[in-house]
Amino acid sequence: MTLDSRFAPADVEPRLYEGWEKVGGFACDPASQAPPFTIMIPPPNVTGSLHMGHALTFTIQDTLVRWRRMQGRDTLWQPGTDHAGIATQMVVERLLAAEGKDRREMGRDAFLERVWQWKAESGGTITTQLRRLGASLDWPRERFTMDDGLSAAVKETFVKLHNEGLIYRDRRLVNWDPKLQTAISDLEVENREVKGSLWYLRYPIEGEPGQFIVVATTRPETMLGDTAVAVHPDHPVYGALIGKWAILPLVGRSIPIVGDEYADPEKGTGAVKITPAHDFNDFEVGRRHNLPMPSVLDRQAMVTLAEIEDVMTSVPGVADPAFVRMLEGQARFAARAAIVTELERLELLEKIEPHTNQIPHGDRGGVPVEPRLTTQWYCNAGVLAKPAIEAVETGKTVFYPKQWENTFFAWMRDIQPWCISRQLWWGHRIPAWYGPDGEVFVAKDAAGAAVQALARYGHEEILTQDEDVLDTWFSSALWPFSTLGWPEQTPEVARYYPGDVLVTGFDIIFFWVARMMMMGLHMMGEVPFRTIYIHGLVRDEKGQKMSKSKGNAIDPLELIDTYGADALRFTICALTGPGRDVKLSAARVQDYRGFVTKLWNAARFCEMNGMQPEAAFDPAGVKLPLSRWLLTETNTAILEATAALEAYRFDEYAGAGYRFVWNNFCDWFLELSKPLLAEGADPAGAAEIRSVGAHVLGQILRLLHPAIPFVTEELWDRFGYGEACSLIGTSWPEPVAVPDAQQARDELDWVVRLIGQVRSVRAEMNVPPSKPSPVLLQGASDEAMGRVGRWMDAIRRLARASDVSVLTGDVPKGSALAVLDEITIVLPLEGLIDIAAERARLSKERDKLIVDAKKTRQKLDNADFVSRAKEEVVAENRERLATADSEIARLQAALDRL
RNA sequence: GGGCGCGUAGCUCAGCGGUAGAGCAUCGCCUUCACACGGCGGGGGUCACAGGUUCAAUCCCUGUCGCGCCCA
């Protein structure tokens with residue numbers, strides 16, 4: 001074994017990943033006695049490909065999973081993908097369009113066949129990419145939301161909730177996406193600010209020629225469906241009109257003027273037109289006043305007159321059915337223009353004001369949503385939400401950061417009925433069948449519905465299944481248990497439900513987290529997970545959200561190709577603080593690749609110096625201060641890393657590993673070990689250093705494996721710490737007892753500070769490294785000189801000292817000085833240093849201490865401080881002052897001598 | 001309008017009652033036998049602003065300003 005001078009991720013990663021799979025490194029074991037640890041993957045869309053958001057969330061999940069696995073937990077990271085109803089249907093429809101085909105011409109069955117075919121060919125993209133990232137998912141357990149098993153779970157749930165009255169059909173306004181021609185849920189609507197106009201329309205008062213009530217509207221085209229004008233009951237002018245009737249222009253219908261507090265006297269004219277079938281607020285007003293609710297826009301948002309045909313009347317100068325009929329079939333915005341022009345011609349348009357308002361858009365289709373009165377399936381989320389709220393209130397499920405609980409509560413406490421039917425083909429078809437009289441039979445299958453129908457009709461009838469499919473999130477909501485085999489009572493359901501941690505972004509708390517909580521509690525009687533870890537968004541280096549359309553998206557696979565998966569993963573960990581977005585750029589990944597390289601090179605050094613794993617190594621048996629110091633530092637790193645992971649502090653975890661490897665292991669242990677390993681050094685000491693070095697390198701590999709699995713496994717295997725691909729299954733390190741730990745820490749701390757002081761003086765005095773100098777110590781204790789004796793070679797090497805000895809006589813002329821505790825360090829550098837520069841340096845040092853001492857003295861002179869502050873704080877300040885005074889005196893003496 | 005979060009070194013962020021930290025960037029020195037994807041050393045901050053609590057505030061409280069997000 002000789003390690004290459006460079007770590008080559010591309011050569012190593014595929015081999016190790018296959019190796020892990022081959023040894024069963026990712027597999028859970030339902031028969032295991034170990035406590036389980038479960039993370040359900042948020043199933044990516046089958047249509048998806050790996051983006052930075054995925055890289056973030058899956059790196060976090062894999063880090064947790066690998067860590068818990070090493071801790072001995074029976075770990076299940078459940079893989080799978082989501083059928084993503086609308087998204088997938090759109091993808092395949094686009095493909096068909098390119099072939100000049102249309103799904104409606106093909107028919108439902110042929111279309112679905114085509115989607116399944118597409119899924120078989122292209123649906124595996126993201127799972128392949130997840131492997132590139134190193135994600136240790138239990139692949140043989142991969143699930144898809146439209147699998148038979150998961151479909152059974154969907155049917156089971158639908159039927160149960162229907163039987164309980166929690167799923168029902170209702171005719172009410174829904175958000176209708178005219179582009180996709182389906183209902184969508186409230187959550188799939190996003191408000192966009194659009195610059196538009198406010199049109200002021202005159203509606204003539206019936207029986208009072210020349211009198212008008214003026215309504216302000218942002219949607220003049222829906223006036224065809226107006227069935228009232230509403231004014232605030234207390235409106236000073238219009239209040240008097242309540243009870244009278246207006247003539248609806250163009251249509252000629254008589255519509256009542258009603259009093260309703262919905263009409264805001266401060267807005268527009270204080271009077272609003274009421275179109276119950278095309279506006280959510282108007283719908284409520286319509287309900288309160290028992291108004292007719294004609295729809296005047298069809299599924300494509302084109303004008304349809306069927307429901308107002310019989311009320312259309314000619315009113316000279318006001319209404320002309322012929323004009324209105326001409327609008328039939330026109331798109332809503334074309335109709336708007338025609339209507340406004342016509343009203344203007346009739347002098348019924350008072351004015352137009354520019355107006356900016358929030359227009360609801362479908363998040364998939366991207367066009368304005370049209371509220372439409374239709375019959376849809378709904379889920380009574382209000383009832384299901386209650387136990388979910390309680391579970392979070394009582395801490396059965398905890399959010400990290402806790403902050404997000406407020407967001408969850410706010411949404412859940414005001415939750416609206418969830419529209420779960422979609423007028424699509426790709427998805428779980430609603431298990432409801434209709435008889436010839438429109439009666440609905442809900443059952444898991446057609447046979448079950450037929451039984452119900454027989455009971456009702458007394459004979460067999462032809463039933464037709466509901467054409468619609470369920471909202472994709474309905475099946476996602478069951479993911480935590482449907483993937484485990486439910487409704488079958490499998491060992492997996494018993495063992496891995498509820499899961500431990502759900503890791504996801506805040507953007508799907510409502511879409512997914514809340515619904516899993518509701519369904520999990522209702523169907524399983526238990527929360528789906530104990531902890532919900534919410535991470536931020538990945539942004540570019542300027543803090544902009546990454547998106548394809550903006551062109552600022554970074555492809556994680558390109559980063560992996562260039563820098564390696566470990567570099568990307570470590571960067572993500574290092575930048576992932578709680579509640580923070582992650583600003584990522586290739587430059588940052590490049591930076592952290594440096595850490596991977598550093599580790600590789602440190603390992604090469606270990607290899608070159610004969611450090612080999614020893615099964616029998618006993619940390620309690622080490623003798624050298626350097627060994628004992630390294631072991632205590634290792635303990636600290638282990639404790640820090642473990643605590644960080646327990647607290648979901650991936651930044652601190654990465655930081656602890658980084659500091660330990662770079663600043664402790666490389667900068668000091670390896671450097672200080674060099675003289676001990678050199679030719680002619682004490683063989684027993686060298687042997688101990690080799691043993692402890694190999695041991696700690698192994699601990700480092702364990703400690704960092706969750707974040708950077710590839711490089712650590714490669715080194716683990718190459719050094720022979722275990723069988724090939726065994727690091728993934730090795731135990732997480734634990735602190736060990738170290739003999740005389742404090743003494744080792746004190747000694748090393750002192751040596752480090754001594755070397756630091758000498759280096760600092762030399763650097764500031766511009767003494768070239770090629771010119772070693774003697775180091776003289778004034779006022780050194782026997783203990784200090786003992787340390788010097790033990791560390792002579794290291795000090796020589798690292799501090800560029802020709803010799804270290806006690807200064808007995810006067811300080812030689814032209815020396816540079818530094819202070820270390822009670823010792824004055826003297827570097828006789830006559831001729832090499834600039835006296836003026838040394839004077840400036842010492843003065844600066846002294847002045848800093850004087851300021852410090854002054855502040856401390858003031859504090860100690862304050863009787864309140866001395867009497868009220870904690871004892872140890874007062875003592876600390878006393879000591880600080882004494883040290884400062886002593887150092888000031890010595891620096892002053894040095895200055896005087898110059 | 002309601003809610004949440006954030007304003008700390010040039011940049012990205014940590015710290016959150018006891019005299020300011022890291023990484024990167026920057027400057028100087030060094031191609032020293034693991035590593036120039038490196039080593040050593042240095043410079044750089046009135047911790048957004050104004051009040052208050054406290055012996056002590058970057059940290060707690062109140063207000064102001066600026067930025068971002070969610071909901072209406």
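Every heavy atom of this structure was used, including side-chain atoms; hydrogens, water molecules and symmetry mates were not. Below, chains carry the letters A, B, ... as their sequence lines are ordered, and counting in each starts from 1.
Taking a cutoff of 4.0 Å between a charged side-chain nitrogen and a carboxylate oxygen, A:Arg580 and A:Asp651 do not qualify as a salt bridge. The pair A:Arg753-A:Asp821 meets the salt-bridge criterion, with a side-chain N (NZ, NE, NH1 or NH2) lying under 4.0 Å from an Asp/Glu carboxylate O. Looking at A:Arg857 and A:Asp885, a side-chain N of the basic residue comes within less than 4.0 Å of a carboxylate O on the acidic one, giving a salt bridge. With salt bridges taken as basic N to acidic carboxylate O contacts below 4.0 Å, one links A:Glu405 and A:Lys402.
More than 12 heavy-atom neighbours from other residues, nucleotides or ligands sit within 6.0 angstrom of CD on A:Gln358.
Phosphate proximity of B:G5 to A:Lys402: absent, as no side-chain N or O sits under 4.0 Å from OP1 or OP2. The side chain of A:Arg413 places no N or O atom within less than 4.0 Å of a non-bridging phosphate oxygen (OP1 or OP2) of B:C71. The side chain of A:Trp411 contributes no N or O atom lying less than 4.0 Å from OP1 or OP2 of B:G3. Close to B:G5, at under 4.0 Å from its OP1 or OP2, lies a side-chain N or O of A:Gln403. Neither OP1 nor OP2 of B:A34 sits under 4.0 Å from any side-chain N or O of A:Arg6. Here A:Lys545 does not reach the OP1 or OP2 of B:C69: none of its side-chain N or O atoms lies under 4.0 Å away.
Distance from the side chain of A:Phe865 is smallest for B:G18 among the nucleotides B:G23, B:C4, B:G18. Closest to the A:Ser760 side chain, of the nucleotides B:C13, B:G42, B:C70, is B:G42. Distance from the side chain of A:Arg649 is smallest to B:A14 among B:A14, B:C70, B:G68. Comparing B:A34, B:G18, B:U19 by their nearest atom to the side chain of A:Arg880 picks out B:U19. In this structure, the nucleotide among B:C30, B:C13, B:A72 sitting nearest to the side chain of A:Pro769 is B:C30. Minimum atom distance to the side chain of A:Asp651 is reached by B:A14, of the listed B:A14, B:G41, B:A34.
Counting any heavy atom pair closer than 4.0 Å across all strands shown, A:Ala869 reaches a base atom. Residue contacts for A:Lys598: at a heavy-atom cut-off of 4.0 Å it reaches a base atom on one of the strands shown. Base engagement by A:Arg593 is indicated by at least one non-hydrogen atom pair under 4.0 Å involving a base atom. Within the 4.0 angstrom heavy-atom criterion, no nucleotide atom of any strand lies near A:Thr407. Residue A:Asn609 is out of contact with every strand shown, counting any heavy-atom pair closer than 4.0 Å. Among the heavy atoms of the strands, none lies under 4.0 Å from A:Phe595. Within 4.0 Å of A:Glu671, counting heavy atoms only, lies at least one base atom of the nucleic acid. Using a 4.0 Å heavy-atom criterion, one finds that A:Cys666 contacts the bases of the nucleic acid, with or without backbone contacts as well. Contacts of A:Arg800 with the nucleic acid, taken as non-hydrogen atoms under 4.0 Å apart, include base atoms.
Of the nucleotides present, none pairs with B:U54 by Watson-Crick or G-U wobble criteria with both distances under 3.5 Å. Across every strand in view, B:G44 sits unpaired, with no contact that passes the Watson-Crick or G-U test at under 3.5 angstrom. When both pairing distances are held under 3.5 Å, B:G5 makes a Watson-Crick or G-U pair with B:C67. As the counterpart of B:G23, B:C11 is assigned, both hydrogen-bonding distances of the Watson-Crick or G-U wobble pattern falling under 3.5 Å.
Aromatic ring pairs are classed by plane angle as parallel below 30°, tilted from 30° to 60° and perpendicular above 60°; the pair A:Tyr592 and A:Tyr658 is perpendicular.
Between the base of B:U32 and the side chain of A:Arg797 there is no donor-acceptor pair shorter than 3.5 Å.
Taking atom P in both B:C69 and B:G28, the straight-line distance is 41 Å, to the nearest Å. Annotation: B:C33 and B:U19 have their C1' atoms spaced 44 Å apart (nearest Å). Look at the C1' atom in both B:U58 and B:U8: the space between them is 7 Å, to the nearest Å.
Counting to the nearest Å, the C1' atom of B:C71 and the CD atom of A:Glu190 are 14 Å from each other. Distance, A:Arg796 CZ to B:C40 P: 21 Å, rounded to whole Å. What separates CG of A:Leu860 from P of B:A56 is a distance of 15 Å, to the nearest Å. Summarising the geometry, the separation between CD on A:Glu876 and P on B:G17 is reported as 16 Å, rounded to the nearest angstrom. Protein atom CG of A:Leu599 is 14 Å distant from nucleotide atom P of B:G38, rounded to whole Å. The distance from atom CG of A:Asp279 to atom P of B:A72 is 15 Å, rounded to the nearest whole Å. For the pair A:Leu827 CG and B:G41 P, the interatomic distance rounds to 14 Å; values are reported in whole Å. For A:Tyr658 and B:C13, the OH to P distance is 17 Å, given to the nearest whole Å.
Under the 6.0 Å distance and 45° angle rule, A:Arg6 does not count as a cation-pi partner of A:Trp600.
A:Met611 contributes atom CE, which lies 8.5 Å from atom CG of A:Leu697 (distance to the nearest 0.5 angstrom).
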